[in-house]
Amino acid sequence: MQKMTVKDIDVKGKRVLVRVDFNVPVDDSGNITDDRRIRSAVPTIEYLVNQGARVILMCHFGRPKEPFDPEMKVDRMGERLAQIIGRPVCKLDDCVGEEVENKVFAMKDGDIILLENVRFYKDTKNDPEFTEKLAKLGEIFVNDAFGAAHRAHSSTFGVAKLLPSVAGFLMQKEIEIMGNALRNPDKPFVAILGGAKVSDKIGVIENLLTKVDTLLIGGGMAYTFLKAKGYEIGNSLLEEDKVRLAKELMDKAVSSNVKLLLPVDNIVADRFAIDADKKVVDSTAIPADWEGLDIGPKTQELFANVIKNAKTVVWNGPMGVFEMEPFAGGTKAVAEALAKCNGTTIVGGGDSAAAVEQLGFANKVTHVSTGGGASLEFLEGKDLPGVAALKDR
Ligand code: AMP
């Protein structure tokens, strides 16, 4: 279902309440280490400003343990936004209440206000009182926070029920590109799944098995599948209680005519450490007491060849323990294969998005999602509450 966007409504002179995702990584001193999420919201903000809207931004940052914890305030995000767009951003010290209302009602066309971290209130509870106070600030609601769209919170869902609500450009891009891939993909359609746990990806695998031509599985989760095939996997990650399910999923792949490929070789280590002894072994020969921490070179090549010929690729989850350099090769190889692929290439958020960014391949793929959990739920085929609440076109 297509959603209405900021382009479909008249925003001139209106107070437009915009939910953005400024939940950026920071270092120990609170300095922003990656401002991609802030940059991603700029097109919507600039459009609204240029249309003469009064832009009231709301965002969350982390999980504050106590209200108004100075370390959890969003001043730095406001400063960074102001730098990027070259306009003043008036950061307020609260997000609801009389003082905020006075400032908001005195705004002029084109002004930008950034409200304080909504998580200082009961945002995550979709608290009706808080929702109403937020909604009172705007006449229109724009949701541009795809990364928070899988949650039915006051600032993502509650306000959308009280105000005319449309998608921002980032939200539109995320749901269009990923939605198209799921609804109407150019074939061959290849999905690559990795990461630690099968249990986190069951919904995604089940949904994708009805749509893809080939499913590549790497990362820690692959070992539960290898076990289900009857292989010995040494000390590799195993979800004992998911072995049967893994077998069922492999059977379903066969009956659905989907090629499900597992690692044919692995980099195994004698312990989980950066300086562990390591060697390459076939999946049929993983020694007891060793653990698989990355896909091996033959698997890299196998996966890269499948990706090369794909017309649509979706990737979620690293191929190994990529945080440790000796086990990052598989994840790098997949990132590189996506960068070289001429089809539509989509990287789900989280670790795989970080890997693509770090390796400098972000501009060489079609889309890097800004939402980790949200993109996973989207790929599961779920309706995201923050999206569902927006007006249909
Ligand atoms: P996820 O959050 O499920 O996408 O998983 C990401 C995590 O999986 C990363 O921290 C990786 O280090 C970890 N991971 C990937 N492959 C393996 C593996 N073979 N063994 C243990 N952990 C892994």
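In what follows, residues are counted from 1 in the order of the sequence shown. Indexing begins at 1, ligand by ligand and atom by atom, following the structure's order. Owing to the predicted nature of the structure, the values given are computational and were not obtained by experimental measurement.
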Quick one: look up the protein heavy atom nearest atom 6 (C) of ligand 1 and list residue, atom name and how far away it is.
-> Asp351 OD2, 3.0 Å
At the 4.0 Å heavy-atom cut-off, does Lys201 count as touching ligand 1?
-> yes
Applying a strict 4.0 Å limit to heavy atoms, is Gly320 in contact with ligand 1?
-> yes
Salt-bridge criterion met for Lys103 and Glu99 (N-O under 4.0 Å) | no
Salt-bridge contact Asp270-Lys279 (side-chain N to carboxylate O under 4.0 Å) = no
At under 4.0 Å between heavy atoms, what of Leu293 touches ligand 1? The answer is both
Heavy atom under 4.0 Å from ligand 1: found in Glu323's side chain, backbone, both, or neither?
-> side chain
Which atoms of ligand 1 are found less than 4.0 Å from any heavy atom of [X]?
| X | answer |
| --- | --- |
| Gly219 | 16 (N), 19 (N) |
| Tyr223 | 19 (N) |
| Gly220 | 15 (C), 16 (N), 17 (C), 18 (C), 19 (N) |
| Val321 | 12 (O), 15 (C), 16 (N), 17 (C), 18 (C), 20 (N), 21 (C), 22 (N), 23 (C) |
| Gly292 | 18 (C), 19 (N), 20 (N) |

If we ignore angles and hydrogens, is there a donor and acceptor under 3.5 Å between the side chains of Thr299 and Asn266?
-> no
Could you tell me whether the side chains of Tyr121 and Asp94 share a donor-acceptor contact shorter than 3.5 Å?
-> yes
Please name the residue in the list Leu226, Ile295, Leu262 that meets the side-chain contact (heavy atoms from CB on, under 4.5 Å) test with Ile217.
-> Leu262
Would you mind telling me which of Ile113, Leu81, Leu17 makes a side-chain contact (heavy atoms from CB on, under 4.5 Å) with Leu57?
-> Leu81
Thr156 vs Arg151, side-chain hydrogen bond (donor to acceptor under 3.5 Å, both in side chains): CA-CA, chis, key distance, verdict = CA-CA 7 Å; Thr156 59; Arg151 305 280 183 237; over 6 Å; no
Return yes when atom CD of Gln83 has more than 12 non-hydrogen atoms of other residues, nucleotides or ligands closer than 6.0 Å, and no otherwise.
-> yes
Just distances here: any N/O of Ala196 and N/O of ligand 1 closer than 3.5 Å?
-> yes
